Amino acid sequence: MNERYNHVEIEGKWQKYWEDHNVFKTVEDETKKKYYVLEMFPYPSGKLHMGHVRNYSIGDVIARCLKMQGYNVLHPMGFDSFGLPAENAAIQRGVEPGKWTWSNIAEMEEQLKQLGLSYDWDREVQTCNPDYYKWMQWIFIQFYNKGLAYKKENPVNWCPSCQTVLANEQVVDGCCERCKSPVGKKNLSQWYFKITDYAERLLDNLDKLDGWPSKVKVMQKNWIGKSIGAEIDFPIADTNKLMKVFTTRADTLFGVTYMVMAPEHPYVMELVKGTEYEAPVLEYLDKVQHMNDIERTSTTNEKTGVFIGHYAVNPVNGKKVPIYISDYVLMGYGTGAIMAVPAHDQRDFEFAKKFDLDIIPVVDPGTDEIDVNNLTEAFAAEGTMINSGKFDGMNNKEAIEAVINWLDGEGIGKKTVNYRLRDWLISRQRYWGTPIPMIYCEHCGWVPEKEENLPVLLPEDVEFTGTGASPLTTSAHFADCKCPKCGADAKREMDTMDTFLDSSWYFLRYCDPKNPNEAFNKEKADYWMDVDQYIGGVEHAILHLMYARFFQMALYDLGLTKFEEPFKNLLTQGMVNKDGRKMSKSIGNVVSPEEIITKYGADTARLFILFAAPPERELDWSDAGVEGSYRFLNRVWRLVYDFAQNWQGGSAPYEVKTAADKELNYVLNTTIKKVTEDVGGRFSFNTAISSIMELVNELYKYKELEDANQAFLEKAIETLVVILSPFTPHICEEMWEGLGYTDSLKDVPWPAYDEAALVKDTIEIVVQINGKVKEKLHVSNNLSREDLEKEALSNDNVKALTEGKNIVKVIAVPNKLVNIVIK
RNA sequence: GCCGGAGUGGCGGAAUUGGCAGACGCACAGGACUUAAAAUCCUGCGAUCCUUACCGAUCGUACCGGUUCGACCCCGGUCUCCGGCACCA
């Protein structure tokens with residue numbers, strides 16, 4: 001090894017070594033315990049950013065550490081390589097999406113390799129690869145055959161400027177994520193996945209995911225949005241129709257003073273057709289349809305609506321109440337109609353005030369501060385039932401159950417559960433995605449493509465205009481096919497799949513990435529799954545993580561895997577900022593991994609990013625901090641270099657004799673313990689690194705001692721190199737070689753710590769008087785409570801301080817402290 | 001509006017089970033080495049006060065209060081910031 005630390009030379013050398021020697025190749029091995037570490041695979045934009053570096057550094061430390069601890073570790077990488085940017089490149093620069101994507105993938109691979117990440121590259125998966133999307137299509141067909149995929153006409157998000165459909169997640173504050181114009185609605189026939197069938201399981205299983213941050217679980221819970229209530233039938237007077245409503249407040253049934261249907265409710269037109277109400281209703285419908293999402297959902301909006309000329313009959317007391325339509329009732333939730341109780345619902349209250357409708361209180365708060373007969377806002381809290389017939393006097397929370405039971409007995413209502421979660425719209429009018437393998441036949445309807453005809457390949461004779469229908473429609477022959485069922489001429493589906501489908505099962509493909517006959521072999525998947533540790537940004541807390549869970553459950557139901565949940569443990573890493581703000585081109589505060597790797601090396605970049613903050617928290621990039629990490633590596637290098645000159649082989653016998661020996665032995669073993677636990681258990685990489693820094697400081701001190709034990713020191717330095725290696729693998733390989741070893745560090749077993757060395761002969765005990773530290777005692781380890789108390793009270797300083805005072809109580813905690821309470 | 005999370009020196013952060021608040025690092029200051037600089041090494045570094053100095057005292061983990069021998073940690077309330085959901089009946 002050289003006297004000077006040359007990161008450029010070393011990193012290139014070891015990256016080549018790892019690749020040439022296939023060091024990170026993984027195979028199934030039933031004799032070993034498996035561990036699956038997975039980082040969310042990137043979209044191949046072409047350039048790595050610091051968020052990637054953080055994500056992959058975390059995963060790599062875990063993977064390398066557990067590998068050394070004897071686990072059979074699966075640590076794969078790939079690319080989520082379908083998606084809009086490739087198509088935009090085609091539109092803007094005329095580059096073929098495939099060409100653009102594959103050259104980006106090559107570039108990103110190169111950069112990932114420069115970080116020295118321990119991936120088994122033989123398992124690389126790219127979602128735009130026909131070998132992959134063939135199985136994506138196969139899975140789609142399995143879902144279709146199981147009734148999980150269906151096509152339906154529905155209003156969808158439509159950007160009038162981009163002339164395309166947008167996913168919900170691409171609508172930000174009611175505007176198009178790309179061009180910022182307000183998003184409208186358009187009726188289109190689209191493919192959906194019945195994720196709502198899994199709502200209850202997706203919700204229930206969250207409780208079993210102990211290894212997930214509660215924050216993510218709460219977010220998913222909110223997103224699923226379960227609410228328990230009742231469905232109640234209100235007959236519509238002078239018709240034979242029933243108006244079904246959903247309510248969570250069955251207790252307020254006696255307070256209903258009007259009813260509301262969503263403007264799109266199918267009954268609306270039937271009820272007003274040919275009446276004097278038809279014209280105003282049509283006018284209102286027109287107004288609502290031209291509103292975009294921001295206007296429609298704004299809570300500050302004044303309530304609007306139209307009376308439709310009909311009345312509903314309250315089944316509980318026969319009272320007739322008017323029916324309105326209003327945009328504050330949504331067709332997509334519940335039954336698309338509500339019973340309105342202005343006294344106890346703020347929205348209904350506002351509507352009632354505006355339209356001068358009755359407000360009847362049915363829950364009495366029981367305080368003087370609120371006068372229920374003269375409300376200024378709806379009273380939504382708990383209280384006692386009034387004006388409610390036989391339910392009067394009951395607590396209203398209890399009345400909910402009682403009213404529902406009564407309704408059920410009368411056959412006019414029942415307990416119901418509603419979810420906010422909607423079915424997953426998966427069609428995209430895009431080119432660069434997996435073609436949906438469905439065929440429309442005039443005789444047979446929608447028929448899935450035959451398995452032997454998969455993959456349905458993306459055609460290349462397409463035009464990219466950026467507007468209108470999918471580019472696939474511009475292909476001369478793509479659409480033409482034969483019906484797989486009857487053989488007649490038929491047409492292919494022209495839409496492609498949402499790319500979130502691709503990323504919903506890639507972790508299964510990694511288990512068996514090259515299989516030409518199956519999406520993945522069950523035995524292999526059962527060996528590797530579930531993912532022991534998944535790591536990625538919290539921005540995927542809802543969509544990706546819920547879609548992947550849904551896929552896993554559906555595949556489980558199809559008998560394709562034995563796990564219902566894909567990710568046992570989840571770590572959501574925080575963002576990498578600069579100067580307290582998100583790194584962004586427009587602010588000009590972007591630090592590129594490339595420049596840092598060139599200047600300081602990947603080891604420094606990895607070390608800094610792991611040391612600067614705990615993984616879940618935001619991290620502020622600091623150039624000075626990077627400098628510090630680089631200094632530390634140089635400090636380690638000099639220490640090892642000095643010893644490498646006269647190395648005895650690190651295995652010479654030694655004895656821990658002197659007090660200094662014992663101290664070093666203590667620090668050495670506590671460091672091993674701390675690093676082992678911090679990396680393997682709590683993912684506290686920052687404290688793991690700081691304890692290694694303490695060990696280095698201790699080694700520097702110790703080596704200056706006249707009676708320093710060389711053999712022991714060598715052993716300690718060797719251990720230092722081993723436990724530092726998961727963080728900074730290149731420099732450690734080089735130092736390891738410098739110490740005369742010829743094997744790669746990944747084959748070196750992780751050091752065990754000596755329990756006996758963790759116990760000091762004498763320890764420091766704090767003596768407090770009334771909870772304030774006044775004295776420190778050095779006593780032998782494990783001194784009993786009584787002896788400790790005696791020791792403390794006989795101390796001169798303590799005696800002086802307690803002189804003439806009344807000792808009320810003495811609390812002695814062995815190996816910790818003594819607290820003397822005086823008066 | 002509803003649901004989460006966080007608040008500790010000049011800065012990033014540590015304190016893992018209620019037991020020495022500020023580990024480790026950055027920045028800064030002083031010193032050593034050097035013709036000089038860089039690098040390196042050593043020392044100091046929460047605030048206020050006392051003292052020539054050593055020693056020491058008081059305060060201090062967003063704010064107010066509580067429980068406890070003892071609270072950054074537990075409980076009640078308040079403020080601020082961040083995140084999610086949001087006319088979801």
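Letters go in sequence order (proteins before strands), and every chain restarts at 1. Because the structure is a prediction, the values reported are computed rather than measured.
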Restricting to nitrogen or oxygen on both sides, can you table the protein-nucleotides 16-24 of chain B pairs closer than 3.5 Å?
residue, atom, partner, partner atom, Å
B:U16, O4, A:K674, NZ, 2.1
B:C20, O2, A:K776, NZ, 2.6
B:C20, N3, A:E764, OE1, 3.4
B:C20, N4, A:E764, OE1, 3.2
B:A23, O2', A:E694, OE1, 3.2

TODO: Could you grab the distance from atom NZ of A:K674 to atom CD of A:E694, nearest 0.5 Å is fine?
DONE: 9.0 Å

TODO: Please state whether the rings of A:Y324 and A:F351 are parallel, tilted or perpendicular, taking 30° and 60° as the class boundaries.
DONE: perpendicular

Task: Steps toward salt bridge (Lys or Arg N to Asp or Glu O under 4.0 Å) verdict (A:K217, A:D210) - done: CA-CA 10 Å; A:K217 291 196 274 188; A:D210 300 329; 5.0 Å; no

Open item on the list: From CZ of A:F349 over to C1' of B:C87, roughly how many Å is that when rounded to an integer?
Closed with: 16 Å

TODO: Could you tell me the separation between the CD1 atom of A:I323 and the CD1 atom of A:I308, rounded to the nearest 0.5 Å?
DONE: 5.0 Å

Open item on the list: Say we look at B:U68 and B:C82: how far apart would their P atoms be, to the nearest angstrom?
Closed with: 38 Å

Open item on the list: Looking only at the side chains, is there a donor atom on one of A:T196 and A:D423 sitting less than 3.5 Å from an acceptor on the other?
Closed with: yes

- [ ] Output yes when a side-chain donor or acceptor of A:H344 lies under 3.5 Å from a complementary backbone atom of A:V363, and no otherwise.
- [x] yes

- [ ] Mind checking the CH2-OH spacing from A:W637 to A:Y630? Nearest 0.5 Å is all I need.
- [x] 10.5 Å

- [ ] May I ask you to check whether over 12 heavy atoms, not counting those of A:K816, lie within 6.0 Å of atom NZ?
- [x] no

Task: Distance (rounded to the nearest 0.5 Å) between A:L202 CG and A:D204 CG - done: 9.5 Å

TODO: Answer yes or no: does a side-chain N or O of A:R420 lie under 4.0 Å from OP1 or OP2 of B:C3?
DONE: no

Task: B:C33 and B:U43, which share atom name C1', separated by this distance in whole Å - done: 15 Å

Task: Separation of A:N418 CG from A:L421 CG (nearest 0.5 Å) - done: 11.5 Å

TODO: Please work out whether B:G9 sits syn or anti, treating a glycosidic angle within 90° of 0 as syn.
DONE: syn

TODO: Check whether any side-chain nitrogen or oxygen of A:R631 sits under 4.0 Å from OP1 or OP2 of B:G25, and answer yes or no.
DONE: no

Task: Nearest-angstrom distance from the residue atom CD1 of A:I404 to P of B:A89 - done: 13 Å

- [ ] Starting at atom NZ of A:K226, determine the distance to atom P of B:C3, rounded to an integer number of angstrom.
- [x] 19 Å

Task: Contact pattern, 5' to 3', of nucleotides 71-77 of chain B - B, S or - by protein heavy atom under 4.0 Å - done: -------

Open item on the list: Nearest whole Å is fine: how far is B:C87 P from A:Q346 CD?
Closed with: 15 Å

Open item on the list: Please determine whether a side-chain nitrogen of the Lys or Arg among A:K303 and A:D348 lies less than 4.0 Å from a carboxylate oxygen of the Asp or Glu.
Closed with: no

Task: Minimum side-chain heavy-atom gap A:T252-A:M339 below 4.5 Å - done: yes

Open item on the list: Just N and O in the side chain of A:K215: are any of them under 4.0 Å from OP1 or OP2 of B:G4?
Closed with: no

Open item on the list: Rounded to whole Å, how long is the line connecting atom CH2 of A:W212 with atom C1' of B:G4?
Closed with: 16 Å

Task: Any N/O donor-acceptor pair, A:K221 side-chain to B:C3 base, under 3.5 Å - done: no

Report, one pair per line, the protein and nucleotides 57-61 of chain B atoms (nitrogen or oxygen only) whose separation is under 3.5 Å.
residue, atom, partner, partner atom, Å
B:C59, OP2, A:K772, NZ, 3.1

TODO: Using a cut-off of strictly less than 4.0 Å, decide whether A:R617 has a side-chain nitrogen or oxygen near OP1 or OP2 of B:A14.
DONE: yes

TODO: Find the distance A:E377:CD to B:C87:P and express it as a whole number of Å.
DONE: 20 Å

TODO: Both distances under 3.5 Å, Watson-Crick or G-U wobble: on that basis, could you give the dot-bracket string for RNA chain B, with [ ] for crossing pairs and | for other-strand partners?
DONE: (((((((..(((......[....))).(((((.......))))).((((......))))..(((((..]....))))))))))))....

- [ ] Would you sort out whether A:L242 and A:I236 count as a side chain to side chain contact (heavy atoms under 4.5 Å, CB included), showing the intermediate values?
- [x] CA-CA 6 Å; A:L242 285 176; A:I236 299 174; over 6 Å; no

Open item on the list: I need the CD1-C1' distance between A:I542 and B:G83, as an integer number of Å.
Closed with: 10 Å

Open item on the list: By nearest heavy atom, map A:L619 and A:S214 onto RNA chain B; which one lands nearer the 5' end?
Closed with: A:S214

Open item on the list: For a quick check of understanding: with a heavy-atom distance under 4.0 Å over all strands, which category does A:S622 fall into, base, sugar-phosphate or nothing?
Closed with: nothing

Task: Spacing of CZ belonging to A:F632 relative to CG belonging to A:N634, to within rounding of 0.5 Å - done: 11.0 Å

TODO: Round to the nearest Å and state the distance from A:Y600 atom OH to B:G25 atom P.
DONE: 18 Å

Task: Neighbour count above 12 (heavy atom, 6.0 Å) for A:K703 NZ - done: yes

Open item on the list: Taking B:C28 as the reference, what is the distance to B:A39 when you measure between their P atoms (whole Å, please)?
Closed with: 11 Å

- [ ] For B:A89 and B:C85, measure between their C1' atoms and round to the nearest Å.
- [x] 16 Å

- [ ] Write down the distance separating the P atoms in B:G31 and B:U17, rounded off to the nearest Å.
- [x] 45 Å

Task: Pairwise salt bridge (charged side-chain N to carboxylate O under 4.0 Å, His left out) hits with a residue in residues 335-346 of chain A, at least two apart - done: A:D345-A:R347

Open item on the list: Run the side chain to side chain contact (heavy atoms under 4.5 Å, CB included) test on A:E698 and A:Y666 for me, step by step, so that the C-alpha distance in whole Å, both residues' side-chain angles and the decisive distance to 0.1 Å come before the verdict.
Closed with: CA-CA 11 Å; A:E698 191 62 29; A:Y666 172 79; over 6 Å; no

Open item on the list: Using a heavy-atom cut-off of 4.0 Å across all strands, would you classify A:G628 as base, sugar-phosphate, or nothing?
Closed with: sugar-phosphate

Can you name the atoms? Protein N/O to nucleotides 46-49 of chain B N/O, anything below 3.5 Å, with the distance.
none

TODO: Step through it carefully: locate the ring centre of A:Y258, locate the ring centre of A:F355, and say whether they are under 6.0 Å apart.
DONE: no

Task: Whole-Å C1' distance, B:G10 and B:C49 - done: 22 Å

- [ ] Between B:G7 and B:U16, how far apart are the P atoms? Round to whole Å, please.
- [x] 14 Å

Open item on the list: Strictly below 4.0 Å, N to O, side chains only: are A:E200 and A:K226 in salt-bridge contact?
Closed with: yes

Task: Given RNA chain B, 5'-ward residue of the pair A:F246 and A:P614, judged by closest heavy atom - done: A:P614

Open item on the list: Can you check the distance between B:U61 and B:A15, where both ends of the measurement are the C1' atom (answer in whole Å)?
Closed with: 11 Å

